[in-house]
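Being a predicted model, the structure only gives us computed values, none of them experimental. Numbering of ligands and ligand atoms starts at 1, following listing order.
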Amino acid sequence: LHYDEAPSVDSVPGPKSRELIRRQENIDSSAVAYPEDIPIAFDSGKGATVRDVDGNTFIDMFAGIGVLNVGHSNPYVLEAVHEQADKFVHTVDFPTEARLELIEKLDEIAPEGLRGNMRTVFGGPTGSDAVEAAIKLSKYNTDGTGLVAFRGAYHGATSGAMSVTSNKKFKEAYTPLLPDVVHAPYPHPFRDGKSPQESVDHALEEVQQILEDPYGGLANPAGIIVEPIQGEGGVVTPPEGFLKGVRDIATDNDVPLVFDEIQCGLGRTGEWWASEWDGVTPDIMTTAKALGGVGFPLSATMYHEDLDTWGSGDHAGTYRGHVVGMRAGTRAIEYIQEHDLLAHARELGEYLRDRLREAGESNPQLAEVRGRGLFVGAEFVDADGNPDGDVADAIQDYCFEHGVLVWKAGRHGNVLRLLPPLVLTHDLAETAMDVIVDAVEQTTTATATR
Ligand code: PMP
């Protein structure tokens, strides 16, 4: 499944990568984010390993932001992809076997409260599309206009999804967006300087206040949207009681609760859905990223059939589901089931966290390790103990030079985020962690002596 010799890095970036990036830089507005920090031009991938155009081989610890759960070019999935592509590729949203098969598969793995009681809508290829559909469904069901979202949230790049995203950097040039969005605090005990319980209580009080305060709150709420674990926000894993509390508030106020499982769902945390760790079921749930199996752009919005349901044509879009992507998605879910990758993700995730915690024992700059399954975050502080350092940036660069791909997250880029393919083996994980732990050691020493 994987390249044998990972990592093997000659010198990076190599000449071919440099040339490809140079030619692309001035004509492609979308290819800058990763190469800006890490100049790499990808050529091929196998399982949890990738190669660049210069032949350097890396262990991939970010998997296209949690897209390649079954690994790069998984042969079991690709078999179905080839078969489907040879047969039939596109039809807007007319019935196909591939479509029904995926919907039934999603129903089979849905959280308990939705399983057997849900409808699925395909709004478009991206996560942002799924969020837009979730927002529209919330409004359709309530006649409301306002939405409660959370600080630190990332929900996408289209106007509605940007409105519920909190980071100003993504949206300040594009206002006005949706008018009635209020962001409540997301419990983050480490940042809040509070106990887990206090952080949860504070967040829930604010949500309550937003919904109920007749003066400063939302006059006409349509719903609450929340990531069960915040991804871009820094793998922020809320303490027990938060999701349950939000569920209760949504029910009491008769507004739909939306869980955005785009980054944390589909097996990433060692459960099919991150919210299952808390045993809480939303009314509406978004999924994307890993849904397209081996990287096909595909997203879906699942919702409880007790809501006012959409019928055919109520939510338009040329790409309401990609037939080949759907086939890939179903096969990828099957692959995870057949290889018991949920249990593997739980076990291997603990190993990754243990290695990071061990490294943090003697290193005050590695302040907190968190996450669930193979969704792992490590938050760093600068040499003076301030939370806004650039350690994760430096770790990212060091790892790149040593054959391991990681991608930072967090408000200031100070969270190291690991979200490798679920097919990562223990051996590759050990090799990657050796490099990452070295990187932590080297880069924190560097920032401490600056
Ligand atoms: N929601 C969450 C939680 C995400 O992490 C992302 C992407 N990082 C999105 C929505 C948006 O997905 P896309 O980039 O596919 O539009």
Please tabulate, one line per pair, the protein nitrogen or oxygen atoms found under 3.5 angstrom from a nitrogen or oxygen of ligand 1, with distances to 0.1 Å, or say none if there are no such pairs.
from	atom 1	to	atom 2	distance (Å)
ligand 1	1 (N)	Tyr154	O	3.4
ligand 1	1 (N)	Asp260	OD1	3.4
ligand 1	1 (N)	Asp260	OD2	2.7
ligand 1	5 (O)	Gln263	NE2	2.7
ligand 1	8 (N)	Glu232	OE2	3.4
ligand 1	8 (N)	Lys289	NZ	3.0
ligand 1	15 (O)	Gly127	N	2.8
ligand 1	16 (O)	Gly127	N	3.4
ligand 1	16 (O)	Ser128	N	2.8
ligand 1	16 (O)	Ser128	OG	2.6

Original post:
Does any N or O in the side chain of Glu227 come within less than 3.5 Å of the main-chain N or O of Phe259, such that one atom is a donor and the other an acceptor?
Top reply: no

Subject >> Side-chain donor or acceptor of Asn74 paired with backbone N/O of Val70 under 3.5 Å >> reply: yes

Subject >> For Arg151, all residues meeting salt bridge (charged side-chain N to carboxylate O under 4.0 Å, His left out), sequence neighbours excluded >> reply: none

**OP:** With sequence neighbours left out, write down each residue that passes salt bridge (charged side-chain N to carboxylate O under 4.0 Å, His left out) with Glu206, or none if nothing qualifies.
**Re:** none

**OP:** Check whether more than 12 heavy atoms from other residues, nucleotides or ligands sit under 6.0 Å from atom OH of Tyr319, and answer yes or no.
**Re:** no

Original post:
Asn220: what forms a side-chain contact (heavy atoms from CB on, under 4.5 Å) with it, not counting sequence neighbours?
Top reply: Thr145

